[in-house]
Every structure is written in structure tokens, then in C-alpha cells.
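Here is the structure we will look at, set down as C-alpha cells.
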2 protein chains.
Amino acid sequence: MEKSSPSSKRFLDIVHDLRTIIKEEGAVIGDKLPSERVLAERLQVGRSTVREALRSLELLGLIETRRGEGTFLADYKKHQLVEILSAFIMQHPQSLQHVDATRRIHETAAIESIAADAELRGLPVWQGFLRKMELGEPVIREDVLKELLVAAGNRLSLKIWFLLKQYSRVPTQYEITAGEQGYVTRMLDGLMDGSSVTAIGHYDDWLDLVNAERRGEHEC
Amino acid sequence: MEKSSPSSKRFLDIVHDLRTIIKEEGAVIGDKLPSERVLAERLQVGRSTVREALRSLELLGLIETRRGEGTFLADYKKHQLVEILSAFIMQHPQSLQHVDATRRIHETAAIESIAADAELRGLPVWQGFLRKMELGEPVIREDVLKELLVAAGNRLSLKIWFLLKQYSRVPTQYEITAGEQGYVTRMLDGLMDGSSVTAIGHYDDWLDLVNAERRGEHEC
DNA sequence: ACAGGGAAGTGGTCTGACCACTTAAGCAGA
DNA sequence: TCTGCTTAAGTGGTCAGACCACTTCCCTGT
């Protein structure tokens, strides 16, 4: 039971060893790392094992490899990028509430951004949603929100939103109910009028209503 | 220029192919994936290449491998998490501007959140900043912003902010200059008064000034 | 002095061979 | 028949060696 080699995954040890080597040598971003063959000999493992570790680090953006030249230390920041979020989400149960809150932050910012821009608030898509609802055609909550994020034009914000959406407990994948239509309509009207305060106010009311629906159905 | 094989990294293609296979087979979390040898034959590559891709996915938490048993699909959400952000940032040069914009979204949301909460806006830290500036002591821009995010209480937003801050070109790691003090002071005053509009207005002015400083120094 | 070519070094890939481990089928004994 | 053990097959883990493609740089011949 008491294995002397706790990590059954050698390549994970290599990843760790590589980080140690990087630190010991005081390698800076852009510096060249020892070649795969040298690393294999120094760490007393096969070259393929070293490569598995290096490929992992490469996918994380920690290192950069150039055929014929060597392996180089890449922008270290990319690592945190991965680690921070993946370590955070799905960890603390309380964090789900932060996920929802952060998601609303991005949605609100998108509304604000659109309302402030005459060109964006004149987009035909808003009228399209209004007409659809008037005709009684089904409109998915998420579609409206997504169009807001898309129209706002901040692609990073959009990607973060997509990410958060997956973890969110807010049931935005369903249709807009009759009871919500008033809020959504007034939100879009405010948006097209350039009144961000009005739009955001109704957006808040709408989301609160959707959240109330969720809590009402939480037993099934 | 227009190489027909843009990816000089075969193992990255494998990573993509693996995702395709996973989707095609409709594999669910916990399902067993084909063995490395089978994958190698199906994808027409060597087993070591398959392994490099699998090791990367494992480090990302996408898959889980058990010696003697096989490879299993782990929590799928973790993947996107990684991919989205790491693929995005530092890719398109235009994205830096989105990084700054997104950062401001989170800072603004924090201000709004604090101003709306009597307890938060009464925190002694705001008075502390004001006094420091009055006494002529140096105050780092980032410290003020960080306290805003911390006080707002959304830990996810805070982590995202930390992340974005590293990529941001806005020089917030420096001291608040004499010219900025007026904006910061009025921002904090507005914050403590619960007037989010006032606070955000001065925050915007402040950041615009900081950005102007950056642009002014862009040649050196 | 210059330009060309080749050697050395590097990452990229494949092959085949073991090892350690898990599982399950099959066999022997009760 | 049922139980228990042995054994074989399958899997991931690792290694060694061999090529290939590419980059760099030095050396040679003109």
C-alpha cells in the first residue's frame, strides 16, 4: 500500500520537475530551455515521457516550441489563466451565486454599451424580437441575451458569457413566457430609445422573474 | 504563405480530432474512450502522438486515465473553460482593447454594487484612501481598484479581474498623480454617498485620463 | 572576401518492445 | 454445481532507437 512512488503518473512529476528546472535556471520569458534529449537524460526518463509533459505545458501556453530551434519559455501569464478559473468554478458551492452575478454584469454592460451607440441600438434584430413576440412566436431567453452580447461587440466579454452560461442555474435556455413579455418588450424599447437606465431596469425585473420561476420549480 | 497544412503541430490536430470523436460517439461524462492503440490506428498516427494529445487533455482535466482500465471522459465543462480564454487572449491584436473594456466592465459593476449597499459604502477603506491622498502619501491606482473588487464581494469577478489586469495595457500599477486625485476623490465621495452615477462618472473620467497618459508615453 | 554546402542540433513522428495493472474467462478442486 | 485460483487478454506507462523536417552555423572552395 505504501508505494514509494505516490504519483502513478510519471509525466505529472515531469511537469513539476520542469517547472523546478525553469525556476532554478531563472529562465525568463523567451529563454531557451534544454533540449528534449538533454532533459530526458537529466531527469532520467525517456524522451517520449519528457515530450508528453512538454506537450501539456505547450497546450497550456506555458512553453513554445519551434522545430529546428528548440523549446522556449512562453508568456507565463497564460498559465494562471487556465488555473485560476478551472480551480475556481465548480469548487465552492457558494460560487454558483457569483457565476450568476458575474453573468449579469456582462449582460448589463452589453445593454449599456448598445444603448449608448446609435448604430447598435438601431439594429434590426431588436425589432425582430419584438415582432416575433407580438406574433406569439416562441423566443428563447438565451437568444435575446446572446444577441445583446454579440451586438455589444466585445468578443472577450461574449466568450466569458458563454462560459458562465454553462455553469449558470438561471434557466435561460427556455422560452420567454407570456408573463415576461412585458419586461422584455420594455427592455428592448428602452434599448432602442437609447435609455440604458430604462432598459437595464426592465432587464433586472425580467431576470428576477426568471429566477423566481426557477426557485418555484426547485423541487422535482 | 497559404500553407495547406497550417498546423505544424500534429498533436494539436489530434486534440481536435479527439473532440470530434467524442462528439460523434455522443460520449457522456464517465464513458470509456477507445484505447490509445485503437485511436492511433483510426487517426492514422503513431500511438505516441495520440498519447501526447491525451496527456494534454488529461492535464486540462478533460479526461481521466486509469492504468489497466482505459481512458474516460471527465467533466466536459472544464475544457471549454480552458480553451476559450487561452485561445482568445493574446491571439488577435484587437483583443487587447476588449481586455481593457472587459476589465472596466468589472470595475464599474463593483462600484455599482458597493454604492448600492449601505454597509459596503461605509467601509473604512475608502476614507483611508482619501486621507492618504490628502496627506500626499503615494497611492497605487491598482490598490484602489482592487479594494473595489474585493469589497464588492464577488470572488469570481475578482479573479477574472486579476486575470485581465495582467494583460491590460492600462498602467494601473503606478501611483495616482496629482492631476488624477480630483477624479479619484470625487469617485470615492460619490461611492460613499451611495451615488453610483456620480462615482462611475468620475471613475470613467479618471480612467480616460490614465489612458491618455499611456498614449502620450507610447513612444520611447 | 564571399557564397555555397554540409554537419550538427532540434523538435516531430513512428515503431516495437517491455512493464504494471485490471478484468474476465477458463480451469481445477471441493 | 459452486467456489477459488490461474491465466490470458487488454490497457495505460515507459523506454529505446530510428527516421524526417527544419534551423543554425561553421567550414570549405572559389
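Just so it is clear, the model here is predicted, and its values are computed rather than measured.
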Salt bridge check: are [X] and [Y] linked by an N-O gap of less than 4.0 Å?
X	Y	value
E58(B)	R55(B)	yes
E41(A)	R37(A)	no
R104(A)	D208(A)	yes
R141(A)	E175(A)	no

Can you tell me if [X] touches the phosphate of [N], counting only side-chain N or O atoms and a distance under 4.0 Å to OP1 or OP2?
X	N	result
S48(B)	dG12(C)	no
R51(A)	dG11(C)	no
T65(B)	dT11(D)	no
R55(A)	dG12(C)	yes
T71(B)	dT11(D)	no

Closest to the [X] side chain: [options]?
X	options	result
R67(A)	dG12(D), dC22(D), dT13(C)	dC22(D)
K32(A)	dT10(C), dT11(D), dG12(C)	dT10(C)
T49(B)	dC14(C), dC15(D), dG11(C)	dC14(C)

Closest to the 5' end of DNA chain C, once Q44(B) and R37(A) are matched to their nearest nucleotides, is R37(A)
May I have the distance from [X] (atom [atom1]) to [N] (atom [atom2]), rounded to whole angstrom?
X	N	atom1	atom2	value
R66(A)	dT10(C)	CZ	C1'	12 Å
E36(A)	dC15(D)	CD	P	14 Å
E52(A)	dC14(C)	CD	P	14 Å
E41(B)	dT11(D)	CD	C1'	16 Å
R47(A)	dG9(C)	CZ	P	14 Å
E69(A)	dT23(D)	CD	P	7 Å
L39(B)	dT11(D)	CG	P	10 Å
I63(A)	dG12(C)	CD1	C1'	14 Å

Only one of R51(B), R42(B), R67(B) clears salt bridge (Lys or Arg N to Asp or Glu O under 4.0 Å) with E36(B); which?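 Option passing the salt bridge (Lys or Arg N to Asp or Glu O under 4.0 Å) with E36(B): R51(B).
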Base, sugar-phosphate or nothing for G68(A)? Non-hydrogen atoms, less than 4.0 Å.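 The answer is base, as G68(A) lies within the cut-off (heavy atoms under 4.0 Å) of a base atom.
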Assign S35(A) to base, sugar-phosphate, or nothing according to its heavy-atom contacts below 4.0 angstrom with the strands shown. sugar-phosphate
Could you check V50(A) against V38(B) and say which one's nearest nucleotide on DNA chain D is further toward the 5' end?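 Of the two residues, V38(B) wins.
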